[in-house]
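For ligands, and for the atoms within them, numbers begin at 1 and follow the listed sequence.
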Amino acid sequence: MSSFPVLRPRRLRLNANIRRMVRETTLSVDNLIATLFIRPGQGVQRPIASMPGHAQFSVDTAVREAETLAEMGIPAVLLFGIPHQKDAVGSENYAPDGIIPQAIRAIKAAVPELVVISDMCFCEYTDHGHCGLINTLDSPLYNPQLPEHYLLNDETLELLGRASVVHAEAGADIIAPSGMIDGMVGAIRQELDSAGYTHTAIMSYAAKFASGFYGPFRDAAESPPSFGDRSQYQMDPANTREAIKEVELDVAEGADILMVKPALPYLDIVQRLRDRFDRPLAAYQVSGEYSMIKAAAAQGWLDEQRVAMESLFAIRRAGADMIITYFAKDVVHWLR
Ligand code: PBG
């Protein structure tokens, strides 16, 4: 076996073209999924303070933004809704004229080729900010056998199925359940199929951790929980085996695409899932990952483009096929 001085790895780092030739991982526009936050109104483009460069859009301005994304070659957009009104059951999530069904119809009418992914969760729609129905004393669903403020799992499944059919009917190509509710993928698959939406895919937030990195998003989606946190349904950041179990369940229930979230702090999970499962794998570079880079760059402490691209390459290197990222539009410019 030859070694130094015969072998000198630096030979293959001599210039940009040599480095390009031996680069092992690629990042292309094909890998990117952009996001849009939709709120009621007309002509709205309201900047999100905690996520510089991002805004909440009304349906009309969201359509223009979706056209821009499609023109840039970005294949897909993930939609989040800020409803007209929040209530205990998050009814706007399954209202056919709710904010997201409206947005889906308008975007699909204007840019039919853009893949529309609907984030399927109740936290943006409930007045308590949790991802489903809650066991409270004043609720008609109150169950004294369960703890107070417990997320009612199976009752929430029913509503997730119902809302998914409404979003599919509006034209969503992919439903992305993000609530970490047990059985959510199976329940949604069954409802979609029995309503005739056998072609609508499911991208499951399969391994979603209870993360502080979602901080800026809760500002963007106006969805912080009014009591407690999400640790009773999202995963403990310390767990790996449990992530594999979560994904096994979602695979068995029919998830077409698997997702890990957040991305950079959980690259070991991405890699393990890539090695173990043959379904397409997505990673979500979440709001905190984005805003940390933005904030440090604004201070002049980090080079935004360099650090963002390095992070995205790391996520690809770990094995993600697709990356949901708030840098999507920037990446298209940087790649050019
Ligand atoms: C909804 C949802 C959240 C995010 C995506 N979907 C918030 C949460 O779970 O608390 C976070 C995304 C981000 O931080 O960029 N359940």
### Query
Between Asp119 and Tyr205, do the side chains contain an N or O donor and an N or O acceptor separated by less than 3.5 Å?
yes
### Message
Could you identify the single nearest non-hydrogen protein atom to atom 10 (O) of ligand 1 and state the distance to 0.1 Å?
### Response
Arg218 NH2, 2.5 Å
### Query
Would one find an N or O of Ser287, backbone or side chain, under 3.5 Å from an N or O of ligand 1?
yes
### Message
So, 4.0 Å and heavy atoms of Ser178: is ligand 1 close enough to count as a contact?
### Response
yes
### Query
Per the side chain to side chain contact (heavy atoms under 4.5 Å, CB included) rule, which among Lys86, Gln85, Glu92 passes with Tyr125?
Glu92
### Query
Can you find a pair of side-chain heavy atoms, one from Glu148 and one from Leu137, that are under 4.5 Å apart?
yes
### Message
In terms of relative ring orientation, are His130 and Phe227 parallel, tilted or perpendicular, with 30° and 60° separating the classes?
### Response
tilted
### Query
Just going by heavy-atom distances, which of His54, Lys208, Met51, Gln234 is nearest to atom 16 (N) of ligand 1?
Lys208
### Task
Give the atoms of ligand 1, by number and element, whose distance to some non-hydrogen atom of Lys261 is under 4.0 Å.
2 (C), 3 (C), 4 (C), 5 (C), 6 (N), 11 (C), 12 (C)
### Atom indices of ligand 1, in the order listed, that fall short of 4.0 Å to a heavy atom of Tyr284
12 (C), 15 (O)
#### Entry: For Tyr326, the ligand 1 atoms whose distance to one of its heavy atoms is below 4.0 Å
12 (C), 13 (C), 15 (O)
### Query
Under 3.5 Å, side chain of Glu289 to main-chain N/O of Val286, donor-acceptor pair present?
yes
### Task
Give the C-alpha distance, both sets of side-chain angles, the deciding distance and a yes or no for ring pair (Phe, Tyr, Trp, His ring centres under 6.0 Å) between Phe217 and Phe37.
CA-CA 10 Å; Phe217 175 93; Phe37 295 96; 5.6 Å; yes
### Message
Taking the six-membered ring of Tyr214 as reference, does the cationic atom of Lys261 (NZ for Lys, CZ for Arg) lie under 6.0 Å from its centre and within 45° of its axis?
### Response
yes
### Query
With a 4.0 Å cut-off on heavy atoms, does Tyr290 reach ligand 1?
no
### Summary
Cys123 heavy atoms within 4.0 Å reach ligand 1 at atoms 1 (C), 16 (N)
